Amino acid sequence: MPPVKSRREAYSEATRAAILEQATRLFAERGYTATSLEHVATATRVTRGAVYHHFADKQALFEAVLDDQEKRAFDEIAAAATAADPWDAALLALDAFLDKCCDPAYGRLVWQEGPTALGWQRWHETEEKYAYGLVEGFIHALVDAGYVENRAIESTVRFCFWILGGAGLALADAAEEDKARTRDEWSYLIRRTLNAFRIK
């Protein structure tokens with residue numbers, strides 16, 4: 001049985017969650033550069049000191065927002081891959097990923113604001129922390145099931161990882177009225193690519 005949290009601990013956790021929620025909204029609406037910690041504090045109805053108590057600076061706050069977005073996406077994509085057959089599961093995961101990238105907040109935070117806020121290297125590390133491992137798991141499952149040849153696996157994983165990244169960027173950049181068409185086009189192209197790898 002987990003230990004009971006004190007009132008102070010519960011309040012601290014609730015405050016951090018509220019700050020993250022408001023920061024997510026503001027970063028998605030205004031962008032990283034145009035959002036200050038003062039804006040976040042005002043929106044959360046806490047002092048700026050309370051924000052600093054939980055996050056060292058604006059970049060640390062954005063990194064926490066991005067981490068939360070990626071965790072949620074990871075869970076949603078993994079949960080969508082319900083098929084027993086690895087090939088079908090991979091396609092379900094692909095659909096879930098493309099749907100997630102159509103979400104305006106996720107698209108802007110992860111694909112547009114992420115590299116600006118964290119710098120290319122740190123943003124890339126965050127992407128690899130979640131997305132790379134997920135792609136790797138699906139590719140290994142396809143190899144184990146005999147769908148994909150057991151050859152150049154690491155390069156195959158990275159190849160698929162970058163294709164999915166291209167789809168994410170394209171969907172984040174697409175105008176709202178073009179997202180459905182762009183999603184369908186990338187779905188078609190990625191499926192064609194996966195079928196090229198298929199050996200049975």
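On a predicted model such as this, the values are computed, not experimentally measured, just so you know.
A salt bridge links R122 to E63: one of the charged nitrogens lies within less than 4.0 Å of a carboxylate oxygen. Classification of E154 and R158 as a salt-bridged pair fails, no side-chain N sitting under 4.0 Å from a carboxylate O. Ion pairing between a basic and an acidic side chain is recognised when a charged N comes within 4.0 Å of a carboxylate O; K129 and E125 show no such pairing. The pair D95-R191 meets the salt-bridge criterion, since a charged nitrogen lies less than 4.0 angstrom from a carboxylate oxygen.
In terms of the ring-ring contact (aromatic ring centres under 6.0 Å, His included) criterion, residue partners of F62 (sequence neighbours excluded) are, by chain and number, F27, Y32. For the ring-ring contact (aromatic ring centres under 6.0 Å, His included) test, no residue two or more places apart in sequence or in another chain qualifies with W186.
Between W87 and Y147, the two ring planes are tilted [angle within 30° to 60°]. Ring-plane geometry between W120 and H124 is classed as parallel, the angle between the planes falling under 30 degrees on a 0 to 90 degree scale with a further cut at 60.
Counting all heavy atoms, side chain and backbone alike, C160 lies closest to F197 at SG-CE1, 4.5 Å. Of all non-hydrogen atoms in V65 and A23, the two that sit nearest each other are CG2-CB, 3.9 Å. Between P86 and A141, the shortest heavy-atom contact is CB-O, 3.9 Å. L109 and L66 get closest at one heavy-atom pair: O-CD1, 3.7 Å. Scanning all heavy atoms of the two residues, the minimum distance from A93 to F138 falls at CB-CZ, 3.4 Å.
A donor and an acceptor atom, one from each side chain of T42 and H39, are nowhere located under 3.5 Å apart. In summary, the side chains of Y130 and D75 do not present any donor paired with an acceptor at a separation below 3.5 Å, with no hydrogens or angles considered. Looking only at atom types and distance, the side chain of Q22 has a donor-acceptor partner in the side chain of R25 under 3.5 Å away.
Remark: I139 CD1 to F161 CZ distance equals 12.5 Å, nearest 0.5 Å. Distance check, rounded to the nearest 0.5 Å: OG1 of T182 to CD of E177 gives 9.5 Å. Between the CG atom in L189 and the CG atom in L194 there is a gap of 11.0 Å [rounded to 0.5 Å]. A distance of 6.5 Å separates CG in L94 from CG in L164, rounded to the nearest 0.5 Å. Atoms CG and CG, from L142 and N150 in turn, are 12.0 Å apart once rounded to the nearest 0.5 Å. Here CG of D57 is found 11.0 Å from CZ of F55. Values are rounded to the nearest 0.5 Å.
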I199 vs V148, test: side-chain contact (heavy atoms from CB on, under 4.5 Å). Steps then yes/no. CA-CA 6 Å; I199 59 175; V148 174; 5.9 Å; no
Evaluation steps, side-chain contact (heavy atoms from CB on, under 4.5 Å), between F159 and T193: CA-CA 10 Å; F159 177 78; T193 302; 3.6 Å; yes
Quick one, I163 with I190, criterion side-chain contact (heavy atoms from CB on, under 4.5 Å). Give me CA distance, side-chain angles, the key distance, then yes/no. CA-CA 8 Å; I163 288 175; I190 294 171; 3.6 Å; yes
Give the intermediate values and the outcome of side-chain contact (heavy atoms from CB on, under 4.5 Å) for residues R151 and T156. CA-CA 8 Å; R151 179 181 177 186; T156 300; over 6 Å; no
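Counting only heavy atoms from C-beta outward, the side chains of E149 and V143 never approach each other to under 4.5 Å. By the 4.5 Å heavy-atom criterion applied to side chains, L92 and T82 are counted as neighbours. Using a 4.5 Å heavy-atom cutoff, the side chains of Q59 and L118 are in contact. A 4.5 Å side-chain heavy-atom check between Y106 and C101 finds at least one atom pair inside the cut-off.
In this structure, W162 is a member of the same hydrophobic cluster as I77, with clusters built from ILVMFWY side-chain heavy atoms closer than 4.5 Å. Residues Y11 and L20 do not share a hydrophobic cluster, clusters being chains of Ile/Leu/Val/Met/Phe/Trp/Tyr side chains in contact below 4.5 Å.
Remark: side-chain polar atoms of S187 are not paired, donor with acceptor, to backbone N or O of R183 under 3.5 angstrom. When atom types are taken as modelled, the side chain of K58 and the backbone of T35 share a donor-acceptor pair closer than 3.5 angstrom. Proximity of a side-chain donor or acceptor of Q112 to a complementary backbone N or O of A172 within less than 3.5 Å is detected. Judged by distance alone, with hydrogens and angles left aside, the side-chain atoms of K200 form a donor-acceptor pair with the main-chain N or O of A145 at under 3.5 Å. Panel note: side chain K179, backbone L171; a donor-acceptor pair is recorded below 3.5 Å.
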